[in-house]
Trainee: 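Sharing a structure, written as structure tokens. Questions coming.
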2 protein chains.
Amino acid sequence: MPEQKDIISFDSAKNKCQYCHAASFCISKDLADNDLAAFNTLIKRPKPLQKGERLFQAGDKFDLIYIVHSGSVKAYIESSDGEQQITGFNFSGDLLGIAGLEENHYNYSVEALETSSFCEIPFTLFENAAHENPELQQQFLCAMSREMTREQKLILLLGKMDSKRRIASFLVAMSARMQAQGYSADNIILSMTRHDIANYLGMAIETVSRLLTQFQSEDILHVAGRHITIINQHRLHAISDNFIESDYHTGETA
Amino acid sequence: MPEQKDIISFDSAKNKCQYCHAASFCISKDLADNDLAAFNTLIKRPKPLQKGERLFQAGDKFDLIYIVHSGSVKAYIESSDGEQQITGFNFSGDLLGIAGLEENHYNYSVEALETSSFCEIPFTLFENAAHENPELQQQFLCAMSREMTREQKLILLLGKMDSKRRIASFLVAMSARMQAQGYSADNIILSMTRHDIANYLGMAIETVSRLLTQFQSEDILHVAGRHITIINQHRLHAISDNFIESDYHTGETA
DNA sequence: CGATGTATTGAACTCGATCAAACAGTGTGG
DNA sequence: CCACACTGTTTGATCGAGTTCAATACATCG
């Protein structure tokens, strides 16, 4: 029965937190082996979502929280007139749904940018586990705190930066994110469209396109559709930080 | 010894959570009487801050969280090039400092807009109390969740709304906030300067001023410096929600 | 192959920023 | 009490970054 064997091996190994490729950046990361096993029992792994499918939607009843296992998603809120604003892109290890707590309903929606899988945990069970386990509680609060910091940085970007800086900051953040996930810092495969990037950064899609080409002509990037290669990290950082680099040539900073 | 008597009465009554004017919108609101008394022992009430003084600053070591007791503050982050972006205004009952948790340092600064007082709680003590007390834990998480929602709304405002909508939304939010604090919804005394409003809303101070005068000329507001009277809540909401009201005249909606 | 979604590029326009100046309120000191 | 400085606010005139409109290019897929 080869098929059944496959299923068993999936349940007993690949599906376990101990063997998860995202273990090092998941909220479960500091748990002791036996606690991790206990945490594992709370988790369900629903069928992966295809690109464009929604994990949950603003207004849905809040009782599950999610962790991105693989793939990537966009989180967005909607204004009273139906316009949507992407508030973040999320990757492996990111926690989703927590902001729904207060109103007992999710207040934003999450949509897969590519085929993506998730860990699903009933919030009440999670709360109990966190209550028993200081490490888990700590990691949970840290995840919320990190998310708030991320949002504040986006507020700064939208409130104060010109479009050149916005794009540069976005790429720097993506680069750091990819690196944290074990990929190259210079090679970014974007899972989101220009439209999504523009929406997220509060600018027109045409401006995104124009600036990417401009950065390419300045030998900061190589752009091939969704595949961005960062040629000059130093200059990209300088733009993102709004550093004047009149005396910049080619080398490293001191 | 009249002076000493004053001090004693301050410590024993006015300073107690039971008698706090902000009790109904503080994270302590759901606590039973004895739990509230216990919570009260964790709290210190440092000397009030004068306008312009800082409660804490980005980079300071995080070990205290604060609740605004009276007055109002602005919270702001700073970009790498020193520019600041106000991320929120806070009033009685608001929790301050939590986003510092992850990095173990505050990542934003808080400055008093007027003479303001605060409740100060060592975070470790608070954590213990919350661990013992589900209501407190719940309120704490709700406060974080509420804060995240507030930030997301600001992201939407900065990313998608034109300046007219931004101002209208700001006033609607302030109005709701004042009402929640027991004040009139139509009578707003702003504790922040036009400069702060402009910074918060991501626009120029001149634009703020111009739009306020425009709203005044349209009989939506009456503007007298920091004192704003909302004459037509309905139209203000319509602008903030971006509703087309071509068929609007003077009456109420259905 | 045409059809559809996505991305780039060009040209014209507009909203809001910037520059500039005047004005109002508040406190200080002669 | 008025002149002065100082901070915050309003108003006017100009300018430009980025949007919008429009056309084209590219890619993926039936």
Side-chain angles (χ1 to χ4, degrees), chain A residues 50-53 74 83 85-86 111-115 157-171 188-218 221-229 239 242, chain B residues 50-52 72 74 83 85-86 111-115 157-171 188-218 221-229 239 242:
Chain A
Q50 298 303 307
K51 175 172 151 179
E53 290 183 318
K74 60 177 172 184
E83 207 166 12
Q85 167 71 45
I86 297 176
E111 184 181 314
L113 294 171
E114 60 193 310
T115 305
L157 178 142
L158 293 170
K160 292 283 167 294
M161 298 186 186
D162 64 15
S163 37
K164 221 165 164 176
R165 261 185 99 183
R166 293 185 194 195
I167 290 285
S169 299
F170 169 72
L171 291 172
I188 305 175
I189 313 266
L190 299 170
S191 54
M192 67 293 287
T193 64
R194 298 283 193 271
H195 185 88
D196 286 337
I197 298 173
N199 180 296
Y200 176 63
L201 299 177
M203 50 205 262
I205 178 173
E206 292 92 333
T207 311
V208 173
S209 188
R210 270 183 253 275
L211 288 173
L212 287 177
T213 5
Q214 189 191 326
F215 284 166
Q216 177 161 238
S217 76
E218 290 171 4
L221 304 175
H222 178 257
V223 183
R226 304 277 185 93
H227 188 169
I228 311 270
T229 310
I239 295 169
N242 207 23
Chain B
Q50 299 303 307
K51 175 172 152 180
S72 55
K74 61 176 172 184
E83 206 165 12
Q85 166 71 44
I86 297 175
E111 185 182 313
L113 294 170
E114 59 193 311
T115 305
L157 179 143
L158 293 170
K160 291 284 165 294
M161 298 186 186
D162 63 16
S163 38
K164 220 167 165 177
R165 260 184 100 183
R166 292 185 195 194
I167 289 286
S169 299
F170 170 71
L171 291 172
I188 305 174
I189 313 266
L190 299 170
S191 55
M192 67 292 285
T193 64
R194 299 280 192 271
H195 185 87
D196 286 337
I197 299 173
N199 180 296
Y200 176 62
L201 298 177
M203 50 205 262
I205 179 173
E206 294 91 334
T207 311
V208 174
S209 187
R210 270 184 253 275
L211 288 172
L212 288 176
T213 6
Q214 189 191 328
F215 285 165
Q216 176 160 239
S217 77
E218 291 171 2
L221 303 175
H222 179 257
V223 183
R226 303 279 184 93
H227 188 170
I228 311 269
T229 310
I239 296 169
N242 206 26

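Protein chains get the first letters and strands the later ones, always in sequence-line order, with residue 1 at the start of each. Keep in mind the model is a prediction, meaning the values are calculated, not measured.
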Trainee: Is there a side-chain polar atom (N or O) of B/Thr213 under 4.0 Å from OP1 or OP2 of D/dT10?
Mentor: no
Trainee: Taking the side chain as every heavy atom from C-beta outward, state whether A/Asp196 and A/Leu190 have any pair of such atoms under 4.5 Å apart.
Mentor: no
Trainee: What is the distance from NZ of B/Lys160 to C1' of D/dG18, rounded to the nearest Å?
Mentor: 14 Å
Trainee: A/Met203 has a side chain; which of D/dT19, D/dG8, C/dG16 sits nearest to it?
Mentor: D/dT19
Trainee: Given 3.5 Å as the limit, does a donor-acceptor pair link the side chain of B/Thr213 with the main chain of B/Ser209, or not?
Mentor: yes
Trainee: Between B/Met192 and B/Arg210, which has a closest nucleotide on DNA chain D that is more 5'?
Mentor: B/Met192
Trainee: For the base of D/dG18, is there a side-chain donor-acceptor partner from A/Arg166 under 3.5 Å away?
Mentor: no
Trainee: Nearest whole angstrom, please: distance from the C1' of C/dA17 to the CG of B/Asn199.
Mentor: 15 Å
Trainee: Evaluate whether atom NE2 of B/His195 has more than 12 neighbouring non-hydrogen atoms of other residues, nucleotides or ligands under 6.0 angstrom away.
Mentor: no
Trainee: Quick check for you: among C/dA7, D/dG18, C/dT9, whose closest atom lies nearest to any side-chain atom of A/Asp162?
Mentor: D/dG18
Trainee: Is B/Arg194 reaching over with its side chain to a backbone N or O of B/Glu206, donor-acceptor style, under 3.5 angstrom?
Mentor: no
Trainee: How long is the line joining CD of B/Gln216 and P of D/dT10, in whole Å?
Mentor: 9 Å
Trainee: For the side chain of A/Glu206, starting at C-beta, report the closest nucleotide among C/dA7, C/dA11, D/dA22.
Mentor: D/dA22
Trainee: Rounding to an integer number of Å, can you tell me how far B/Ile197 CD1 sits from D/dT9 C1'?
Mentor: 11 Å
Trainee: Check the distance between D/dA17's C1' and A/Leu211's CG and give it to me in whole angstrom.
Mentor: 10 Å
Trainee: Is any side-chain nitrogen or oxygen of B/Thr207 closer than 4.0 Å to OP1 or OP2 of C/dG16?
Mentor: no
Trainee: Measure NZ/A/Lys164 against P/D/dT19 and give the value in whole Å, please.
Mentor: 15 Å
Trainee: A/Thr193 near the nucleic acid: base, sugar-phosphate alone, or nothing, with a heavy-atom cut-off under 4.0 Å?
Mentor: sugar-phosphate
Trainee: Rounding to a whole Å, what distance do you find between A/His195:NE2 and C/dA7:P?
Mentor: 10 Å
Trainee: Take atom CG of B/Leu158 and atom P of D/dG18, then tell me their distance rounded to the nearest Å.
Mentor: 15 Å
Trainee: If you define the side chain from C-beta out and look only at heavy atoms, does anything of A/Met203 sit under 4.5 Å from A/Ile197?
Mentor: no
Trainee: If you check every side-chain atom of A/Ser209, which of D/dT10, C/dT8, C/dA17 has the closest atom?
Mentor: C/dT8
Trainee: For D/dT7, does the base pair up with any side-chain atom of B/Arg226 as donor and acceptor (N or O, under 3.5 Å, distance only)?
Mentor: no
Trainee: Out of D/dT19, C/dT9, C/dT18, which has the shortest distance to the side chain of B/Ala204?
Mentor: C/dT18
